[in-house]
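Only one structure is covered here, and it is reproduced in the block below.
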Protein chains: 2
Amino acid sequence: MQQAGAGRSFGAGQGSRLAAGPGGETLLFLTDEQLRRGIEAMYFAYRAFTSDPDLMLEEMGYGRAHHRTLHFINRDPGLTVTALLDVLGVTKQSLNRVLRGLLDDGLVESRVGRRDRRERQLYLTDKGAALEKRLSESQRARMRAAYRAAGPQAVAGFRQVLESMMDRDTLRQFQSLRDLPEGKA
Amino acid sequence: MQQAGAGRSFGAGQGSRLAAGPGGETLLFLTDEQLRRGIEAMYFAYRAFTSDPDLMLEEMGYGRAHHRTLHFINRDPGLTVTALLDVLGVTKQSLNRVLRGLLDDGLVESRVGRRDRRERQLYLTDKGAALEKRLSESQRARMRAAYRAAGPQAVAGFRQVLESMMDRDTLRQFQSLRDLPEGKA
DNA sequence: CTTGGAAAGTCAACAAGACTGCCCTATTAC
DNA sequence: GTAATAGGGCAGTCTTGTTGACTTTCCAAG
């Protein structure tokens with residue numbers, strides 16, 4: 001094992017100090033330099049994180065926006081365009097161009113809403129699901145490897161920090177995405 | 001305390017199992033769903049993470065590319081254009097437009113290299129340093145709050161996972177950035 | 001039943017920030 | 001003296017985001 005650099009990580013033990021606060025809780029003193037390292041780690045990791053799907057997408061004329069669209073339709077089949085707009089945080093026009101491409105290429109299917117016939121409910125076709133699977137599997141593989149290399153405690157910490165970094169609305173959005181539709185592999 | 005959602009985090013204790021591997025090392029069994037949660041957390045957190053600087057930048061007609069440029073010039077004053085190109089991972093032409101803007105607006109200064117007069121060494125002006133400070137302080141504040149909310153162990157885990165997520169070259173780049181120039185506040 | 005408004009789609013125009021390819025100068029290295 | 005390197009500039013393209021304006025479809029309240 002020993003995935004890239006797993007052994008000699010530079011965690012919180014390097015210059016940061018712990019102290020008991022007035023209420024007894026543990027406080028962390030972090031230097032600006034340590035925070036900056038965290039910022040840079042975030043930048044580089046995110047870049048690496050998106051690099052595998054980006055390569056596949058580029059080959060077939062798609063971009064990151066297509067990936068995100070496929071991802072959220074896959075996670076919540078039948079969601080409306082408005083719901084998708086909300087989770088992606090982009091404008092209708094911006095999404096529409098991407099969505100039209102996916103519809104034209106037969107990766108996504110748009111059905112008239114059952115409750116409200118103005119709404120369009122979005123589903124992946126088999127072809128779309130296949131691409132989504134390819135894309136997400138590459139990211140899962142990277143995430144899995146990182147998790148394995150860093151260990152269970154690190155995984156918990158990773159998620160805690162990421163969640164704490166979100167602002168209220170984003171966190172709410174993230175958490176409302178909690179429940180998945182079916183136990184798909 | 002209790003920054004947004006810090007308390008009820010969904011770390012590794014929810015469905016993941018630990019087991020002793022053949023060599024005695026601890027193994028983590030992660031479901032695809034848990035990995036997907038990690039992927040989404042990364043997406044939402046990164047978006048939140050860049051949102052504060054993005055707002056400031058937009059007000060003054062800059063973009064994220066300007067931020068990154070200022071960041072790396074600030075971290076390593078006097079670095080050459082090629083070095084900056086390398087760390088940003090973009091093309092010369094792409095950087096050039098951004099860099100020209102910063103030079104024209106008097107945020108960055110370009111001096112002829114001392115060793116090699118073909119090279120241009122880049123420095124922030126006072127004005128540039130002031131903007132960089134504003135931008136990075138907003139991100140440091142967010143990072144600091146997240147670290148405080150999540151705790152020291154979480155911080156270590158966060159960084160371990162991020163590092164493990166980088167591929168070889170990215171990690172090398174990240175780690176070669178290790179040493180900072182001076183003890184600036 | 002009509003009308004107001006919401007949901008969705010479409011068209012046009014624009015900007016940032018990536019890209020490629022090509023050309024040019026200054027300077028260093030061989 | 002020539003080749004290679006560092007950098008800059010110009011032209012054009014692409015993706016993905018943005019506004020603004022307009023239409024169609026459709027539900028629901030008057």
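In what follows, chains carry the letters A, B, and so on, assigned in the order in which the sequence lines appear, proteins first and then strands, with residues in each chain numbered from 1.
A side-chain donor from one of B:Glu163 and B:Gln175 sits under 3.5 Å from a side-chain acceptor of the other.
Closest to the A:His66 side chain, of the nucleotides D:dT16, C:dG17, D:dG8, is D:dT16. In the set D:dT16, C:dG9, D:dG8, the nucleotide with an atom closest to the side chain of A:Arg68 is D:dT16. Comparing D:dG17, D:dC26, D:dG9 by their nearest atom to the side chain of A:Val90 picks out D:dG17.
Checking A:Arg97 against A:Glu119, the closest nucleotide of DNA chain C that is more toward the 5' end is the one next to A:Glu119. Where A:Thr91 and B:Gln121 meet DNA chain D, the nucleotide closest to each residue was compared, and B:Gln121 sits on the side nearer the 5' end. Taking for each of A:Gly63 and A:Arg117 the nucleotide of DNA chain D with the nearest heavy atom, the 5'-most of the two is the partner of A:Gly63.
For C:dA26, its base never sits under 3.5 Å from the side chain of B:Arg118 at any donor and acceptor pair. You won't find any donor-acceptor pair under 3.5 Å spanning the side chain of A:Gln93 and the base of C:dG9, going by distance alone.
Contact check, B:Arg100 against D:dG9: a side-chain N or O comes under 4.0 Å of OP1 or OP2. For the OP1/OP2 pair of D:dT16 and a distance below 4.0 Å, the side-chain nitrogens and oxygens of A:Ser94 include no atom meeting the criterion.
The pair B:Arg142-A:Asp167 meets the salt-bridge criterion, since a charged nitrogen lies less than 4.0 angstrom from a carboxylate oxygen.
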